[in-house]
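First the structure, in the form of structure tokens, and then the observations on it.
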Amino acid sequence: MKTHTCGELREKDAGTSVQLAGWVNRRRDQGGLIFIDLRDRWGITQAVVDLEAAPEAHAIADSVRNEYVLRIHGTVRIRPEGTANPDLATGDIDIVADQIEILNRSHTPPFYINKDEGALDEALRMRHRYLDLRRETMQQNILLRHRVVKFIRDFLDAEDFIEIETPILFKTTPEGARDFLVPSRLQPGMFYALPQSPQQLKQLLMVGGFERYFQIARCFRDEDLRGDRQPEFTQLDLEMSFVQREDVMRLMEQLATEIVRQVTPQKRLIAQPFPRIRYRDALEQYGTDRPDIRFDLRAVDISEIAGRSAFPVFAANVQAGKKVKCMRVPGLAGTLSGTQLRKVARDLETMARRAGAKGLAYITIPTDPAGELKGPIGKFFSVELKLELLAAMGAQGGDLLLFMSDEAQIVYAVTDALRNHFKAELDLDDDLLAFCWIYDFPEFIWDAEHQRWDPSQHMFTMPLPEDLHLLDSDPGRARGSQYDLVCNGYEVGGGSIRIHDRAIQEKIFPLIGQSMQQAIAEFGHMLEAFEYGAPPHGGMAWGIDRLVMLLAGAPNIREVIAFPKTQGGTDIMAHAPSTAEPEQLRDLHIQLDMPAE
RNA sequence: GGGGGCGUGGUGUAGCGGUUAACAUGCCGGCCUGUCAAGCCGGAGAUCGCGGGUUCAAAUCCCGUCGCUCCCGCCA
């Protein structure tokens, strides 16, 4: 139907007889002359319809409206002097139309397709997602996603990886997120679970001898949604045999770097090689294991200095073995009046209390070098101690110092909350991609509620070789081989070296509260596989949606997913989920037992 | 499960106790042979998400509810 796209014709094509097809982006009626901007995926080309030269085409053009689907036949012509449009790639030419066919009509769209600025009610967009997808930003986002995935496939293919599909109908795993269940008709009363990730299967592919596997894998987790979390999402899932942690990280860092350089060259990488931050340091300094390191607000341990102050809270906490941390906010105090400052301090304290703290002390550094340190706890620090504090914090005139002291978990939460608060005010550059690695995670995290250890990543993560002995003596101190790739505060990916030895795997189960019987029932196939020459192996999984979101500069992952779910987990276009027919339920031997109102 | 935000012609917003519910854009009609966010003239289009309450009077205040969204819990 079309000889050319709407984005490719240029001056050199003048005189060519062409046929274009696409959507009416806009129509401008001059009376005897009608201009139609015809749009397709590749661009926009202007067609001109002249009443005298082509009366039939003109009559049709007269009836055309936005989003009508047209086939236009005509001749490429260089636009008359002074009428070129420099804003349009095809703006030097237009098509003198001699024949127009309406392939389909369109209602007036419920929102603008042809201009992209301004917020739109997301429910409305979702209800007509097929129209929303026609908008330029959505076209670009989905195209970018394709390019990223294509790049990954090509890159890994060149590295001798092969793509293997693993089943969507699989088995429930008791750990981690809630499963989506699918009832089995052939096995009444039994359920498949949709995979939360192909973790077990990819390890079994290593036992299967493929050595280098990847998959663009759909994963499912039945948990509440967020701007960066959908119940079904796409992972780059990857596994390699005969590798150590460093081998995987090196290759993955190269992949990330090349994606940015070649697919989104307008983005800048903040550092290379990517900074590596120990899990413990990330928590201590940033309060989170996925820090946004585009800005440098950190919590600094000043327990030693604070412990010598006269402030009873600090002294007592340090005595009790708790830390006192300080965050320096450069210049904030210098720009505020006393009243404003007290209000800011109050708001920050409210924030800290929400994060679990009992309070949030502060001190301001005067811009005048002879001035006094101000703030509720200033008086508890002697002159000498103040100087030590300023030196330790690298404080300058006008800075605001915030103090946190409590249980470690609370201090982390406050640090994270404060950082997120200031981040919002900093107007950070989205074109800057601050990748970093987080590593040396603990193998386990204590679950106080169930009185057991939980795997920090998952139960197949190999402890660091030098910490293996701790599994027996002090599991809480054992570090795992896990590594996470973080970018601008988002966890983009995570991986580890896996256990390939049955004896080690069997040590994990009792620690995480599983009996051997349970373990064999659920994971007997894994344990058995390890006994048939399982190679050492490790890998990684990337959240493709999050990666593309960051590369697109999109505010959430729904913007890079063609048909995402709403926060309630629904599709308001097709009305999913929906009720099942009684006959379907009967086939599955399912009876509904809905709560009474 | 909990906390916050939003909901006003098709769309985006203003109005925040008494307005003829305003503006822009879109839509419909007319004029116009070089426009490109076209222009000019005219017109239609809103019981202000829904339900209840307070009040002489509610888009506006209160309660509930529904929808979308952000965050905590949950989730790596």
Side-chain angles (χ1 to χ4, degrees), chain A residues 25-38 44-54 58 65-67 77 79-88 90-91 94 96 107-128 131 175-179 196-197 199 219-231 233 235 279 288-290 351 354-356 413 416-417 420-421 424 438 441 445 449 454-458 461 482-486 490-496 540-543 546 555-556 558 565-568 570 572:
Chain A
N25 193 60
R26 220 175 242 114
R27 185 185 71 112
R28 288 177 297 279
D29 187 350
Q30 301 280 148
L33 205 58
I34 297 175
F35 297 94
I36 294 174
D37 289 343
L38 198 67
I44 289 176
T45 298
Q46 174 173 278
V48 198
V49 197
D50 189 312
L51 174 61
E52 283 180 13
H58 186 274
R65 294 295 179 269
N66 282 353
E67 300 310 314
R77 190 191 52 183
R79 292 199 192 183
E81 187 75 27
T83 64
N85 182 351
D87 297 330
L88 208 59
T90 60
D94 53 24
V96 181
H107 288 305
T108 301
F111 49 83
Y112 300 111
I113 311 299
N114 53 16
K115 60 177 175 185
D116 241 349
E117 77 264 19
L120 259 174
D121 177 34
E122 204 168 327
L124 183 72
R125 292 174 58 196
M126 290 304 165
R127 197 163 299 128
H128 303 278
L131 285 178
E175 222 58 48
R178 200 176 284 118
D179 285 321
Q196 296 184 28
S197 89
Q199 182 60 35
C219 302
F220 305 87
R221 292 176 188 165
D222 189 6
E223 297 293 344
D224 286 1
L225 290 82
R226 286 280 196 288
D228 64 345
R229 273 164 33 188
Q230 283 272 309
F233 60 100
Q235 272 185 191
Y279 171 83
T288 173
D289 60 1
R290 45 183 177 85
M351 201 177 303
R354 256 202 296 274
D416 189 38
N420 282 332
H421 166 76
I438 310 297
F441 283 77
I445 290 174
E449 190 192 338
D454 272 345
S456 162
Q457 185 188 33
H458 53 61
T461 302
Q482 182 187 353
Y483 35 82
D484 277 5
L485 186 59
V486 168
Y490 290 93
E491 183 193 329
V492 167
S496 63
M540 189 161 175
W542 293 30
R546 286 183 190 165
N556 62 63
R558 296 186 299 279
K565 303 282 188 290
T566 66
Q567 197 161 44
T570 65
I572 49 183

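The chains referred to below are lettered A, B, ... by the order of the sequence lines, with proteins before strands, and numbering in each begins at 1.
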Margin query: Strictly below 4.0 Å, N to O, side chains only: are A:R229 and A:D224 in salt-bridge contact?
Written below: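 Answer for the salt bridge query: no.
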Note to self: One thing to verify: whether A:R546 and A:D228 come together as a salt bridge, which I'm taking to mean a side-chain N less than 4.0 angstrom from a carboxylate O.
What the structure shows: yes
Checklist line | Face-to-face contact A:F111 to B:U11 six-ring, under 5.5 Å, under 30° | finding: no
Sugar-phosphate, base or nothing in reach of [X], heavy atoms under 4.0 Å:
X      : answer
A:A417 : nothing
A:P80  : base
A:R79  : base
A:L124 : sugar-phosphate
A:N66  : sugar-phosphate

Notebook entry, point to check: Side chain of A:Q196, backbone of A:A177: donor and acceptor closer than 3.5 Å?
Noted result: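 A pair under 3.5 Å: yes.
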Could you measure between the two [atom1] atoms, the one in [N] and the one in [M], and give it in whole Å?
N     : M     : atom1 : result
B:U19 : B:C62 : C1'   : 24 Å
B:G5  : B:U65 : P     : 16 Å
B:G10 : B:A44 : P     : 16 Å
B:U11 : B:C50 : P     : 14 Å
B:G49 : B:U8  : C1'   : 10 Å
B:G45 : B:A21 : C1'   : 14 Å
B:A37 : B:C63 : C1'   : 45 Å
B:A46 : B:U20 : C1'   : 13 Å

Measure from [atom1] on [X] to [atom2] on [N] and round the result to the nearest Å.
X      : N     : atom1 : atom2 : value
A:L88  : B:G34 : CG    : C1'   : 15 Å
A:R354 : B:G4  : CZ    : C1'   : 9 Å
A:R546 : B:C75 : CZ    : P     : 14 Å
A:I445 : B:C75 : CD1   : P     : 11 Å
A:W542 : B:A76 : CH2   : C1'   : 16 Å
A:E81  : B:U35 : CD    : C1'   : 16 Å
A:H128 : B:G10 : NE2   : C1'   : 10 Å
A:N25  : B:A37 : CG    : C1'   : 11 Å

Note to self: Going by side-chain hydrogen bond (donor to acceptor under 3.5 Å, both in side chains), name the residues that satisfy it together with A:R226, two or more places apart in sequence or in a different chain.
What the structure shows: none
Check: For A:N25, what residues pass the side-chain hydrogen bond (donor to acceptor under 3.5 Å, both in side chains) criterion, not counting sequence neighbours?
Finding: A:R39
Across all strands shown, which nucleotide pairs with [N] by Watson-Crick or G-U wobble geometry, both distances under 3.5 Å?
N     : result
B:A22 : B:U13
B:C36 : none
B:G29 : B:C41
B:C6  : B:G67
B:C61 : B:G53

Notebook entry, point to check: Which listed nucleotide (B:C36, B:U25, B:A76) is nearest to the side chain of A:Q46?
Noted result: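 Nearest nucleotide to the side chain: B:C36.
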Note to self: Starting the side chain at C-beta, find the nucleotide from B:G34, B:A76, B:U11 nearest to A:Y112.
What the structure shows: B:U11
Next item on the list: Spell out protein contact along nucleotides 67-74 of chain B as letters: B when the base is contacted, S when just the sugar-phosphate is, - when no protein heavy atom is under 4.0 Å; keep the 5' to 3' order.
Entry: -SBBSBBB
Next item on the list: Heavy atoms under 4.0 Å is the rule here; annotate nucleotides 38-50 of chain B 5' to 3' with B where the base is hit, S where only the sugar-phosphate is, and - elsewhere.
Entry: B------------
Check: Do A:D50 and A:V96 pass the side chain to side chain contact (heavy atoms under 4.5 Å, CB included) test, and can you show the C-alpha distance, the side-chain angles, and the key distance before you say yes or no?
Finding: CA-CA 8 Å; A:D50 189 312; A:V96 181; 5.9 Å; no
Checklist line | Partner set under ring-ring contact (aromatic ring centres under 6.0 Å, His included) for A:Y279, not counting sequence neighbours | finding: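 A:F441.
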Notebook entry, point to check: Can you name the ring-ring contact (aromatic ring centres under 6.0 Å, His included) partners of A:H458, sequence neighbours left out?
Noted result: A:F460
Checklist line | Residue closer to the 5' end of RNA chain B, A:D94 versus A:P110 (nearest nucleotide) | finding: A:P110
Next item on the list: Check A:L120 against A:R125 and note the closest heavy-atom contact, atom names and distance.
Entry: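 Residues A:L120 and A:R125, closest heavy atoms: CB-CD, 3.8 Å.
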Note to self: Which heavy atom of A:P110 sits nearest to which heavy atom of A:L124, and what is that distance?
What the structure shows: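 In terms of heavy atoms, the two residues are closest at O-CD2, 4.0 Å.
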Margin query: Checking A:I34 against A:H58 for the side chain to side chain contact (heavy atoms under 4.5 Å, CB included) test, could you report, in this order, the C-alpha distance in whole Å, the side-chain angles of both residues, the deciding distance, and whether it holds?
Written below: CA-CA 7 Å; A:I34 297 175; A:H58 186 274; 3.6 Å; yes
Checklist line | Audit row: A:R79, A:N85, side chain to side chain contact (heavy atoms under 4.5 Å, CB included) steps and yes/no | finding: CA-CA 9 Å; A:R79 292 199 192 183; A:N85 182 351; 3.6 Å; yes
